[in-house]
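Each remark here refers to the structure printed beneath this line.
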Amino acid sequence: DSGVTQTPKHLITATGQRVTLRCSPRSGDLSVYWYQQSLDQGLQFLIQYYNGEERAKGNILERFSAQQFPDLHSELNLSSLELGDSALYFCASSSGTGYNEQFFGPGTRLTVL
Amino acid sequence: EDQVTQSPEALRLQEGESSSLNCSYTVSGLRGLFWYRQDPGKGPEFLFTLYSAGEEKEKERLKATLTKKESFLHITAPKPEDSATYLCAVRDSGTYKYIFGTGTRLKVLA
């Protein structure tokens, strides 16, 4: 157990809908990262927050947004969902700004029908 | 464009048969090369961070090395429990983005 929690574990929804994925980092970690993993694209970095501020942005679509709250938990919002958004979404956390190890959560499996 | 390429895509070894996995990278400025292990359906698990050419790190049967263009993950006398996908990632110093390779799927047979 990495200490990172993600909810929900599974999510099934329809095209055009909007969902919110939630992540609680390990106690004491200030950075939260979001990744998307699909079979054909591997693990793709989406975005990083450090202590509430956006730190780095990867290949995150405009339909997706994230934020980190004062209690350090983070949410990833996915809107206008398409079939291609079906994937495993991982959250990770680290203690620093990004040069140290990341601890990954168990992931949320999103299925868009 | 930043890129990470891992080879081979898949590798089958007999228990005790040592081998190496390769990670070659192209990035404007390297601020860390990371190795992770991922079991099916689970999140990646951190193994090593390397920062500069010539650096080496070891953990049990695994040893990671780094040059200016690539990294190797050496597996000595592997056991079936070493079977997993091994992922390599780099962090770009300019954008702070993380770029992951597609991984090497390792299967160690008893």
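Residue numbering restarts at 1 for every chain, and letters A, B, ... go by the order of the sequence lines.
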* To do: Go through Gly32(B), Gly103(B), Gly43(B) and name the one with the most non-hydrogen pairs under 4.5 angstrom from chain A.
  => Gly43(B)

* Just jot down the side-chain contact (heavy atoms from CB on, under 4.5 Å) partners of Glu81(B), sequence neighbours excluded, or say none. => Arg61(B), Lys79(B)

Any donor-acceptor pairs between chain A and chain B, under 3.5 Å? If so, list them.
residue, atom, partner, partner atom, Å
Tyr36(B), OH, Gln102(A), N, 3.4
Gln38(B), OE1, Gln37(A), NE2, 3.0
Gln38(B), NE2, Gln37(A), OE1, 3.0
Tyr51(B), OH, Tyr99(A), O, 2.3
Arg91(B), NH2, Gln48(A), OE1, 3.3
Arg91(B), NH2, Thr97(A), O, 3.3
Tyr98(B), OH, Gly98(A), O, 2.2

* Asked: Is Leu13(B) linked to Leu62(B) within one hydrophobic cluster, defined over Ile, Leu, Val, Met, Phe, Trp and Tyr using a side-chain heavy-atom separation of less than 4.5 Å?
  -> yes

* Is there a path of hydrophobic side-chain contacts, each under 4.5 Å between heavy atoms of I, L, V, M, F, W or Y residues, that connects Leu43(A) with Val4(B)? -> no

* For Lys107(B), what residues pass the side-chain contact (heavy atoms from CB on, under 4.5 Å) criterion, not counting sequence neighbours? -> Arg12(B), Ser83(B), Leu109(B)

* Rest of the hydrophobic cluster containing Val4(A) (Ile/Leu/Val/Met/Phe/Trp/Tyr, side-chain heavy atoms under 4.5 Å)? -> Phe103(A)

* Crowding at CG, Leu39(A) (>12 non-hydrogen neighbours, <6.0 Å) -> no

